[in-house]
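Worksheet for the structure shown next.
Computed from a predicted structure; not experimentally measured. Basis for what follows: all heavy atoms, side chains included, without hydrogens, waters or symmetry-related copies.
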Amino acid sequence: MSQYYYNPFGNSNVIEEKSRLAEREMQIKKEKREIRKISSSMGCAIIAYLAVQLLFVQALQKAGYYELFNSSPVFESGATIFFVSFCAVLVPFAIMALVNKRKYEYPIIPNNAISAKRSFMWISFGMGCCVVANIVCSFLIAFFNELFNVNMESNELSDPNNIWACLLQILSLAVVPAICEELAMRCCSLQLLRKYGKGFAVFAVSIVFGLMHGNVPQFIFAFTIGLILGYVTVKTNSIVPAIFIHGFNNGISVFSTITSYSLGEKYSTYAILISYIVWGVLGAVMTIGLFSKGEFAKGKKESNSVLTNGEKFSSFLFPGMILPFIILIYLTIATIKG
């Protein structure tokens, strides 16, 4: 005859499992709520970025300086430095970082000490990737323009017509954007999202970075470059290489423009070609060097997030990023001319 014995610990495993599941569910809800709050504040920064530029254009029109802005490279570059790079990009994202300062688990500005040699290797690697990305993106844009008989416009500053315009263009296209945009994107934004996973943070910020450029060619290229800049930043834990990569990458087009002004238009193509060859070779050599040093080895896991990537992105997009993304996507698509 079978006998049944009372086991006071018989349900302990079930209770522990239920407790663990309840804890996990609470953690999921907490992380989703945190990401939504962060994306909402980031969305506000993007709206501010668009609003500042709109107000700037309206102020120019009312003051009667809009024609001067379009006709004077010096005035255009100077205004772009202050009103776009500083007021529209850096200030809103700096305010976002200030509002969310308690949510950062990593330094807002990645400031890990990095030797000049290691920094140069990562900069060369990044520039090599930029050269490849530029060639591939240019080919894709030309292919789609031809295939669909459209013209995907991109924003460019006026060509310089004197030495001061050349100097200001270096500042307005290469130096200041590299500093302001990297502080806004790879510091204030990426470092805030990084605790939920490096890959998620890099990808999410790269989408924002791409869309903020406001046209299809620059979106594709900026998104790709954003991935490179984000990757280098999390691998080195320093913002220095990303700033130099960003500046040198933008500097290629500036170098071409200034060459065209000083030597003639036909030499601008040579300037780009020389830049591509130099950075391509350096990039290939330094990539081999970084690989031999084990720099590309997978680092230790930083995130303890319990969310899947799908849950992270859905929380990031809804609802805080919906309106900013709709506006940015509309402005991007509007640049396509049939």
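With a 4.5 Å cut-off on side-chain heavy atoms, D159 and S260 do not count as touching. Counting heavy atoms from C-beta on, the side chains of Y261 and T257 never come closer than 4.5 Å. Between M42 and S189 the shortest side-chain heavy-atom distance falls below 4.5 Å. Side-chain atoms of Y276 and I252, non-hydrogen and from C-beta on, do get closer than 4.5 Å to each other. Looking at heavy atoms from C-beta onward, H213 lies out of side-chain contact with F221 at the 4.5 angstrom threshold. A 4.5 Å side-chain heavy-atom check between L50 and L328 finds at least one atom pair inside the cut-off. Counting heavy atoms from C-beta on, the side chains of F69 and F56 come closer than 4.5 Å. Side chains of S124 and V285 form no contact here, defined as non-hydrogen atoms less than 4.5 Å apart.
Residues S41 and I38 come closest through the heavy atom pair OG-O, 2.8 Å. When every heavy atom of K195 is checked against every heavy atom of S303, the shortest pair comes out as O-OG, 3.1 Å. Between L211 and T332 the shortest heavy-atom distance is O-OG1, 4.0 Å. Across all their heavy atoms, V234 and R194 have their closest contact at O-NH2, 3.6 Å. Looking at every heavy atom in both residues, P241 comes nearest to T236 through CG-OG1, 4.1 Å. Taking both residues in full, the closest heavy atoms of L229 and A242 are given as CD2-O, 3.5 Å, listed atom of the first, atom of the second, then distance.
Here the CG-OG distance, from L193 to S39, works out to 8.5 Å after rounding to the nearest 0.5 Å. To the nearest 0.5 Å, atoms SG (C180) and CD1 (I243) are separated by 9.5 Å. The distance from the CG atom of L190 to the OG atom of S206 is 8.0 Å, given to the nearest 0.5 Å. Here OH of Y270 is found 9.5 Å from CD1 of I274. Values are rounded to the nearest 0.5 Å. Annotation: the span from N112 atom CG to N237 atom CG amounts to 5.5 Å, rounded to 0.5 Å. Going from atom CG of L192 over to atom CG of N100 covers 5.0 Å, rounded to the nearest 0.5 Å.
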For a side chain to side chain contact (heavy atoms under 4.5 Å, CB included) check, start with the C-alpha distance between F325 and I207, then their side-chain angles and the critical distance, and finish with the verdict. CA-CA 10 Å; F325 271 25; I207 293 176; 3.9 Å; yes
Could you go through V205 and M185, starting from their C-alpha distance and side-chain angles, then the distance that decides it, and tell me whether this counts as side chain to side chain contact (heavy atoms under 4.5 Å, CB included)? CA-CA 6 Å; V205 171; M185 295 290 105; 3.9 Å; yes
Begin with the C-alpha distance, continue with both residues' side-chain angles, and end with the deciding distance and a verdict on side chain to side chain contact (heavy atoms under 4.5 Å, CB included) for I327 and I46. CA-CA 10 Å; I327 296 173; I46 294 172; over 6 Å; no
Please walk me through it: do I272 and F255 pass side chain to side chain contact (heavy atoms under 4.5 Å, CB included)? CA-CA 8 Å; I272 293 177; F255 179 45; over 6 Å; no
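Using a 4.5 Å cut-off between side-chain heavy atoms of Ile, Leu, Val, Met, Phe, Trp and Tyr, with links allowed through other members, L323 and F318 fall into the same hydrophobic cluster. Taken together through direct or relayed side-chain contacts under 4.5 Å among Ile, Leu, Val, Met, Phe, Trp and Tyr, F75 and F83 form part of one hydrophobic cluster. Cluster membership check: I326 shares its hydrophobic cluster with F209, using side-chain heavy-atom separations under 4.5 Å among Ile, Leu, Val, Met, Phe, Trp and Tyr.
Atom CD of Q58 sits in a crowded spot, with more than 12 heavy atoms from other residues, nucleotides or ligands closer than 6.0 Å. Other residues, nucleotides and ligands place no more than 12 heavy atoms under 6.0 Å from the CD atom of E23. Heavy atoms from other residues, nucleotides or ligands lying under 6.0 Å from NZ of K37 number 12 at most. Enclosure of atom CG in N304 is not indicated, since only 12 or fewer non-hydrogen atoms of other residues, nucleotides or ligands lie within 6.0 angstrom. Remark: Y267 OH is loosely packed, at most 12 non-hydrogen atoms of other residues, nucleotides or ligands lying under 6.0 Å away.
Checked against S172 for a side-chain contact (heavy atoms from CB on, under 4.5 Å), the options S85, P177, S77 give a single hit: S77. Under the side chain to side chain donor-acceptor pair (under 3.5 Å) test applied with Y196, the options E34, E105, E311 reduce to a single match, E34.
E31 and Q27 are linked by a side-chain donor-acceptor pair at a separation below 3.5 angstrom, with hydrogens and angles left out of the test.
Ring orientation note: the planes of F144 and F148 are close to parallel, at an angle under 30° on the 30°/60° scale. Taking the six-membered ring for Trp and thresholds of 30 and 60 degrees, F86 and F82 have nearly parallel ring planes, at less than 30 degrees apart.
When ring centroids are compared, F313 and F203 come within the 6.0 Å threshold. Proximity of the aromatic rings of F296 and W122 is defined here by a centroid distance below 6.0 angstrom, and this criterion is met.
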